[in-house]
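Computed from heavy atoms alone, side chains included, the values below leave out hydrogens, waters and symmetry copies. In what follows, chains carry the letters A, B, and so on, assigned in the order in which the sequence lines appear, proteins first and then strands, with residues in each chain numbered from 1.
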Amino acid sequence: MTDSYVNETYLPHPPKRVWDAITDSAALEKWLMPNTFKPVMGHEFTFQTEPVLPYFDGVVHCRVTEIEPPHRLAYTWVGGPISTFVTYRLDAEGEGTRLRFEHGGFDLTDPGQQTAFEAMSKGWKDKMETKFHEVVEELAASASRG
Amino acid sequence: MPPSTPLEPEVFAAIAHPVRRQILDLLRQDERHVNAIAENFGVSRPAISQHLRILLDSGLVTERRDGRHRQYRLQADRLSEVYDWLSHYERFWTKKLAALDNYLKENE
C-alpha cells in the first residue's frame with residue numbers, strides 16, 4: 001500500500017513562469033535545494049541538503065521520468081529510507097496557473113517511509129502523542145543538571 | 001548505554017506504533033517497571049512486554065535490573081536523532097511550495 005502527499009494551489013503567474021521556476025537549476029536552489037537538475041528526460045541528478053545522521057546523508061537522488069513543457073514534470077526521489085517520486089502538473093487558469101504537486105510512492109508497510117510520510121503530510125509534532133521536541137529538551141536539561 | 005550504531009529499521013518500526021509512542025511518552029517522566037507501564041494501557045501485560053522488547057531492540061529504551069523488577073528508561077540521544085530526522089520532513093513540501101510562491105512574487 002502506498003500513499004501520496006498532494007498539494008494543489010493557484011499561482012498568479014502564467015505556466016511558463018512557474019515552469020521556469022521548477023526547471024531552472026538556480027531557481028530551484030532558491031526555493032527548494034541546491035541541485036544538479038537539467039530539464040532533460042532521463043537526466044540523473046541530486047538535491048543536496050544538510051545531512052541528518054545517521055538516517056539521511058543529505059543527498060536526494062533523482063532521475064527525470066517525464067518532461068512536457070510547460071505542463072508536466074516528474075522525477076524519482078530517493079534519499080535515506082525514502083524511495084518515492086514527485087510530479088508537477090501545471091494548467092493555465094485565468095491569468096495564472098493551477099499547480100498540482102504530488103510526492104507519491106510512500107510504502108506504508110515500511111516504517112521509515114510511513115513515519116516520514118506522516119511527518120510530511122500531517123505534521124509529525126501534531127500527530128505524535130509524544131512531543132519529541134519537549135522530551136529531548138527536558139532530558140538534555142536534566143542531563144546537564146547531572 | 002545504547003548501541004553505538006543504531007539499527008535504523010528497528011528505530012522506525014519502534015516509533016511507527018501508537019502504543020509504543022505512548023510508552024515513550026510515559027518514560028519521559030521517569031524510569032518505570034513493566035507493571036507500572038502496563039497499568040496505563042488497556043492491553044495485556046504480555047502485549048506490553050512485546051512492545052518493550054521492540055523498544056529495547058531499537059535502542060530507544062534500555063533496561064536495568066532493580067531487585068525483582070526490570071526498570072525501563074528512555075534513551076534521550078537515540079530519540080533526539082530520530083526526532084531530527086523526522087523534523088527534516090515535517091511539512092516539508094508545504095514549506096517548500098510556499099517558498100516557490102514567494103520566489104515567483106519576488107522575481108516578477
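- Between B/L86 and A/Y55, the closest side-chain pair of non-hydrogen atoms is not below 4.5 Å.
- Between A/F56 and B/W85, the ring centre distance reaches or exceeds 6.0 Å.
- For CZ of A/R17, the number of neighbouring non-hydrogen atoms (other residues, nucleotides, ligands) closer than 6.0 Å is greater than 12.
- Atom CE of A/M1 has 12 or fewer heavy atoms from other residues, nucleotides or ligands within 6.0 Å.
- A/D110 has its side chain out of reach of B/F12: every pair of non-hydrogen atoms, C-beta onward, lies at least 4.5 Å apart.
- Between B/H88 and A/V52, the shortest heavy-atom distance links the atoms CB-CG2, 4.1 Å.
- Counting only heavy atoms from C-beta outward, the side chains of B/Y89 and A/T115 never approach each other to under 4.5 Å.
- Residue A/V18 comes nearest to B/L104 through the heavy atom pair CG2-CD1, 4.0 Å, listed as atom of the first residue, atom of the second, then distance.
- If you measure heavy-atom distances from A/L11 to chain B, the contacts under 4.5 Å come from the side chain alone.
- Only the side chain of A/T49 comes within contact range of chain B, judged by heavy atoms closer than 4.5 Å.
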* Quick one: do A/E118 and B/R21 satisfy salt bridge (Lys or Arg N to Asp or Glu O under 4.0 Å)? Show the steps, please. => CA-CA 14 Å; A/E118 286 177 3; B/R21 292 179 198 168; 2.9 Å; yes

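- When the side chains of ILVMFWY residues are joined at heavy-atom separations under 4.5 Å, either directly or via intervening members, A/L28 and A/M33 end up in a single hydrophobic cluster.
- Looking only at side-chain heavy atoms (C-beta outward), B/D101 and A/T9 stay at 4.5 Å or farther from each other.
- Ring orientation note: the planes of A/H103 and B/W93 are nearly perpendicular, at an angle over 60° on the 30°/60° scale.
- Interface residue A/V86: only side-chain heavy atoms are found under 4.5 Å from chain B.
- Only the side chain of A/Y88 comes within contact range of chain B, judged by heavy atoms closer than 4.5 Å.
- Looking only at distances, no side-chain donor or acceptor of B/R91 sits under 3.5 Å from a matching main-chain atom of A/A119.
- More than 12 heavy-atom neighbours from other residues, nucleotides or ligands sit within 6.0 angstrom of CD on A/E93.
- Residue contact with chain A, scored on non-hydrogen atoms closer than 4.5 Å, involves the backbone and the side chain of B/N107 alike.
- Looking at A/L99, only its side chain comes within 4.5 Å of chain B, counting heavy atoms on both sides.
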